[in-house]
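Written below as structure tokens is the structure these notes are about.
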Amino acid sequence: MAQPSNLSGPRILSTEQDLRDLLDSLYETTQAALKEGIKPCFKGLLEYMKAEVTILTAIHNIKSNKGSETPGSDGETMREHILEKDYAGIIARVQAGLTHYVPLPIRRKYIPKPEKMEKRPLGIPTIIDRIIQECIRMILEPIMEAQFFKHSYGFRPMRDAPMALERTKRVVHQTGYHWIVEGDIAKLFDTVHHAKLGRFLYGMGVRDQRVLMIIKAMVKTGIVNETPVNLLGTQQGGILSPLLANVYLHQMDYWVTREWENKKTRTIFSQSASRTTVLKKSSRLKPAYLVRYADDWVLIVPSKQQAEKWKQRIAKQIQSVLHLTLSEEKTIITNVREKPIHFLGCEFKVVKGKSRTGYITRSRPDRTRLQAKIKELHRKVNHLKRCGSKEQLMREIYTFNAVIRGIIQYYQGTTWVNIALRKYAHNLRTKAMRILEKYGGIWLPAHQTKNLPSVHADYTEKVPAILVKDMYIGVTSLSFCRWKKTDLKRPKETPHTAEGRAIYREEEQEATTGTSR
DNA sequence: AACGCTCGAAC
RNA sequence: CUUGUUCGAGCGUU
């Protein structure tokens with residue numbers, strides 16, 4: 001690697017456009033540095049974070065968070081203590097915080113993990129500290145985004161879990177590999193090592209010591225009634241924490257993929273380097289494709305032996321470099337031609353079928369998780385009983401329908417979505433009808449209802465409906481779903497370049513206009 | 001275009 | 001007095 005160079009010149013930030021341009025340029029200079037094999041190196045970052053426009057944008061970004069009325073340890077809430085106050089005073093407070101950062105202790109709250117006895121420890125910062133974290137996140141994100149592994153999908157803009165699943169499917173389909181290491185990193189947020197994190201940030205271009213000190217102070221923030229200083233881990237509930245988790249695991253991405261997936265690009269980047277070493281290495285390459293979603297990942301490899309080997313290698317590496325542990329019982333090696341893997345709430349396997357490899361991929365909602373959701377839906381149908389009036393019932397139907405649509409929309413990318421969901425539709429429907437009967441409910445073909453027209457227009461199946469002000473309002477069905485192709489990420493798509501945003505908008509257009517395809 | 005609200009999913 | 005990041009669906013307001 002060539003010498004690092006300071007890539008960020010001083011810059012005045014006054015308008016929102018200035019800020020937008022700054023974020024774009026942070027992304028672009030980082031990417032340009034990478035292409036030339038130079039380490040990115042940013043020094044004057046704190047000034048950008050302290051700019052008035054940054055702080056106002058930060059407040060704007062997080063003001064409508066669900067928890068913005070949930071106070072931290074100082075009792076402050078967004079509306080009462082920030083939005084309704086004189087904004088010059090608030091800006092001064094944030095700027096002071098960014099100058100001499102003394103974060104207030106975080107509030108601890110234990111919440112149950114879904115379907116588990118185990119509890120998840122939340123760390124809730126005060127509102128003012130959340131604003132400060134958002135100021136930092138905004139500036140750091142483009143620098144990190146330009147460097148992250150392209151098949152890391154968790155906590156990242158313009159990416160989602162269905163894309164991670166789609167990537168996994170395509171790798172299996174295109175390579176014909178069917179051995180998969182399903183990886184599980186134990187308690188990622190709680191075990192992030194502070195000094196290592198600082199080094200990784202530095203290595204990725206955050207060379208403003210003041211910013212590194214603020215982040216250090218932030219992760220070390222004490223916990224009310226527990227500890228005056230936190231020695232390990234990053235707050236689950238901190239605005240910056242997801243980005244920090246990705247920075248931390250970027251080390252793993254880099255290490256796992258440099259041997260194979262990223263090999264080609266890397267050789268292009270360092271053409272001056274000896275080609276013979278590259279070629280020699282390639283003769284004993286270990287093919288492996290990583291797909292990561294936060295602390296959850298899969299590695300697709302050609303054989304069982306390779307799977308075992310990689311599992312040991314990764315376990316050893318993340319232990320020594322990251323002080324992280326693979327949970328031994330949850331990290332599984334699976335032949336997807338024999339049994340499914342479980343990844344991101346879905347099951348996924350390959351079965352014999354007509355394709356180049358002789359196999360095709362099948363996916364469906366994870367059985368046990370789906371059953372839990374169905375149970376929850378039944379509970380919610382019963383809840384419809386409690387409505388006093390027809391109008392109230394109508395509102396309850398709307399929210400119930402939103403729940404159903406939400407479930408459907410997530411699983412739409414799985415090939416068996418309809419088969420998996422429709423099994424449960426009948427019972428829910430009849431249960432709903434029993435309740436609607438008291439309000440004059442009738443069975444009506446879905447396309448004759450007035451609600452959810454974009455969905456109901458396509459279905460003639462009968463649903464329970466009630467008449468409210470001349471309009472039939474129907475309870476939607478879990479069976480109103482069909483498989484929908486998931487588009488993969490295009491490499492240039494990012495929120496941090498004008499071009500990347502344009503591609504994103506283009507895709508949105510296609511998705512809304514081209515539904516007839 | 002922008003904002004607001006309801007709801008879902010992953011971690 | 002259940003936080004956070006990200007993604008998505010639906011509805012509404014000027």
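Given the structure is predicted, the values throughout are model-derived calculations rather than measurements. Lettering of chains follows the sequences in order, A, B, ..., and the numbering in each one begins at 1. What's counted below: heavy atoms across the whole structure, side chains too, no hydrogens, waters or symmetry copies.
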Show me the donor-acceptor pairs within less than 3.5 Å that the side chains of residues 463-473 of chain A make with the rest of the protein, sequence neighbours left out.
none

Quiz item: When you match A/Gln236 and A/Asp160 each to their closest nucleotide on RNA chain C, which lands nearer the 5' end?
Solution: A/Gln236

Within the structure shown, what part of the strands sits under 4.0 Å from [X] by heavy-atom distance: base, sugar-phosphate, or nothing?
X	answer
A/Lys119	nothing
A/Gly154	nothing
A/Lys63	sugar-phosphate

Quiz prompt | Base-pairing string, 5' to 3', of RNA chain C - Watson-Crick or wobble, under 3.5 Å, | interstrand | solution = ...|||||||||||

Quiz prompt | Separation of atom CG in A/Asn246 from atom P in C/C7, rounded to whole Å | solution = 13 Å

Quiz item: Between B/dA9 atom P and A/Arg405 atom CZ, what is the distance in whole Å?
Solution: 14 Å

For the side chain of [X], starting at C-beta, report the closest nucleotide among [options].
X	options	result
A/Ile62	C/U5, C/U2, B/dG8	C/U5
A/Phe155	B/dG8, C/U5, C/U2	C/U5
A/Pro453	B/dA10, C/U2, C/C11	C/C11

Quiz item: Ring centroid separation for A/His456 and A/Phe480, is it under 6.0 angstrom?
Solution: yes

Quiz item: Which of parallel (below 30°), tilted (30 to 60°) and perpendicular (above 60°) describes A/His151 and A/Phe149?
Solution: perpendicular

